Amino acid sequence: MRIRIITGLERFHHFDIRRLLLGTIVTVGFVVLLVQCFGISSFYWSPPPVKVSVIDLTNSNVTQVSVMNYINLSDDGNGYGEEFVKKDLGRENNVVISKEKVEFNVSVIGRPNISLRKTKMVVESTESDPTSVMVMGKDSRKGDVLSMRRHKRRGAAVSISQMNSLLIQSLSSFKSPKPRWSSARDSETLSVRSEIEKASVLHDTLGLSASLYRNISKFQRSYDLMERKLKVYVYKEGEKPIFHKPIPRGIYASEGWFMKLMESNKKFIVRDPRKAHLFYIPISIKALRSSLGQDFQTPRSLADHLKEYVDLIAGKYKFWNRTGGADHFLVACHDWGNKLTKKTMRNSVRALCNSNVAQGFRIGSDTALPVTYIRSAESPLEYLGGKTPSERKILAFFAGSMHGYLRPILVKLWENKEPDMKIFGPMPRDPESKKQYREYMKSSRYCICARGYEVHTPRVVEAIMNECVPVIIADNYVPPFFEVLNWEEFAVFVEEKDIPNLRNILLSIREERYIGMQARVKAVQQHFLWHKKPVKLDLFHMILHSIWYSRVHRIKAR
């Protein structure tokens with residue numbers, strides 16, 4: 001008979017392990033059932049920080065990643081870190097390039113809830129970090145915030161009063177390069193500067209309100225001399241559609257309308273470039289951005305294309321080389337206008353919609369161009385006007401897409417919070433909603449002009465056209481025609497960090513102060529209107545005057 005001896009180890013293997021496994025399964029199942037039914041606050045996971053890197057995209061200086069209100073990190077099998085970067089890089093203005101490696105350290109903190117099916121993402125920054133921006137998380141109080149670094153480096157915002165000081169300093173110190181040889185046009189321009197500086201106090205101001213201007217006498221003298229003396233040469237070189245083909249509709253219509261009216265002008269244009277005080281490069285940055293195809297989609301490649309044109313006219317004519325381009329100018333409303341021209345046209349006068357002083361816009365040298373969203377090229381003055389102050393029952397109004405980091409903050413803090421604050425996200429685009437949008441503009445005391453992806457927004461001009469006092473919330477934004485207009489007399493500037501106190505700021509403005517500001521909005525309106533045939537002091541003439549004014553005050557004698 002065969003006898004088998006079962007050792008203690010074998011006995012444990014056959015019996016105790018099965019019992020241990022069964023007990024473990026029952027215990028785990030019971031715990032999962034408790035969590036699913038009741039929720040236990042201690043059962044959540046705090047994953048390690050996620051590092052999102054954007055490396056050497058191009059050769060600009062600033063990096064920006066758009067911010068979402070909140071991000072659902074429920075597992076979809078795609079990998080949320082990679083998906084976040086891919087989605088943002090696919091949009092035109094979400095990531096604004098950096099020459100150096102840029103990293104964002106993002107802390108992801110799981111938030112418990114009853115079902116544990118969703119985990120909310122909260123991006124945190126330290127209090128000592130001045131570059132963070134707060135956004136309220138979904139279903140949270142003001143203590144729970146979503147914040148993200150907008151730039152690799154960024155100092156404190158430049159206030160409107162500091163911009164005033166920078167303007168004064170630039171007019172007294174910043175000069176163009178010395179020309180290689182003298183010209184009769186230089187002598188005329190220097191004589192104009194002397195006449196402007198000596199302008200006496202004028203009593204006949206053509207019906208203009210003196211409070212709108214930094215110096216009404218100097219402005220009127222400068223404008224009068226421009227009308228009598230200024231001559232502009234428009235280069236014929238360059239092929240359509242990038243050159244010589246204006247786009248008079250859409251959000252970048254300012255560069256198209258100016259090109260159209262400048263090239264057809266008979267008063268300022270000369271055929272002989274030797275008679276010109278200024279030289280216009282008739283390029284559309286909008287067309288440059290959209291017409292060259294997929295091989296030209298980076299700022300560097302587009303800037304190189306512009307440089308080829310400058311090299312062409314510099315080789316064919318002597319005028320660019322004589323001043324280093326200081327008597328040349330362009331008008332660019334596209335977001336990329338600044339970055340595409342800041343090297344090739346660093347000495348030139350640039351009229352730019354993207355007038356961000358923190359990104360290379362030069363107060364006193366460059367001039368800020370208004371964004372005018374033209375829906376119909378045949379009717380640029382459509383829906384002009386608004387209600388009287390006594391009929392404006394809404395304190396403040398905003399509606400728009402959630403472009404950039406700032407607007408989600410504005411909407412989160414103020415949507416449906418106060419009956420006199422009509423703050424919305426994007427409104428539908430049907431005719432009835434568009435009519436409602438216009439009615440809000442015409443019935444509100446203050447119209448909120450919050451920056452989008454960049455500092456500029458068409459709402460500034462929209463507010464003025466609807467006779468609503470603009471409330472500009474865009475740090476480092478230089479408003480249009482800053483060198484001559486006294487913006488603080490007809491607009492309110494609110495720093496981005498003060499959005500939580502927005503209503504109190506507006507309510508603190510005295511009634512008589514508001515009535516005066518609203519009257520000045522109506523008075524300044526003439527400077528922000530396009531006409532098919534230009535009229536005195538309109539938007540075409542104001543843009544040209546700003547370019548003229550910059551050249552007059554920066555010219556340097558041989």
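In this text, all values refer to a predicted model and were calculated from it rather than measured experimentally.
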Please report whether the ring centroid of [Y] lies less than 6.0 Å from that of [X].
X	Y	answer
Tyr317	Trp320	no
His328	Tyr280	no
Tyr437	Phe397	yes
Phe540	Phe258	yes
Phe398	Tyr440	no

Residues that Tyr477 engages under ring-ring contact (aromatic ring centres under 6.0 Å, His included), provided they are two or more places apart: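 Not a single residue meets the ring-ring contact (aromatic ring centres under 6.0 Å, His included) criterion with Tyr477.
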Does NZ or CZ of [X] fall inside the cone over [Y]'s six-membered ring, less than 6.0 Å from its centre and within 45° of the axis?
X	Y	result
Arg214	Phe482	yes
Arg221	Phe219	no
Arg445	Tyr514	yes
Lys260	Trp257	yes
Lys266	Phe268	no
Arg503	Trp414	no

Pairing residues for Glu512 by the salt bridge (Lys or Arg N to Asp or Glu O under 4.0 Å) criterion, not counting sequence neighbours
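For Glu512, the residues satisfying salt bridge (Lys or Arg N to Asp or Glu O under 4.0 Å) (neighbours in sequence not counted) are Arg510.
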How many angstroms lie between [atom1] in [X] and [atom2] in [Y], if you round to the nearest 0.5 Å?
X	Y	atom1	atom2	result
Leu539	Trp530	CG	CH2	4.0 Å
Arg350	Ile547	CZ	CD1	12.5 Å
Glu488	Ser211	CD	OG	12.5 Å

Between [X] and [Y], is any side-chain donor less than 3.5 angstrom from a side-chain acceptor?
X	Y	value
Ser355	His456	no
Arg392	Ser443	no
Thr372	Ser254	yes
Thr388	Glu391	yes
Glu495	Ser159	no

| query | Out of Arg193, Arg322, Lys556, Lys178, which one pairs with Asp186 under the salt bridge (Lys or Arg N to Asp or Glu O under 4.0 Å) rule? | reply |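 Between Asp186 and the candidates, salt bridge (Lys or Arg N to Asp or Glu O under 4.0 Å) is satisfied uniquely by Arg322.
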State plainly whether the residues [X] and [Y] are in salt-bridge range, i.e. N to O under 4.0 Å.
X	Y	result
Glu467	Arg520	no
Lys267	Glu227	yes
Lys229	Glu188	no

For [X] and [Y], take the angle between the two ring planes, folded into 0 to 90°, and tell me which bin it lands in: parallel under 30, tilted 30 to 60, perpendicular over 60.
X	Y	value
Tyr223	His541	tilted
Phe243	Tyr309	parallel
Tyr549	His553	tilted

**Study point:** Given Val371, Val492, Val461, Thr457, the one that forms side-chain contact (heavy atoms from CB on, under 4.5 Å) with Cys449
**Key:**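 For Cys449, the side-chain contact (heavy atoms from CB on, under 4.5 Å) test succeeds with only one of Val371, Val492, Val461, Thr457, which is Thr457.
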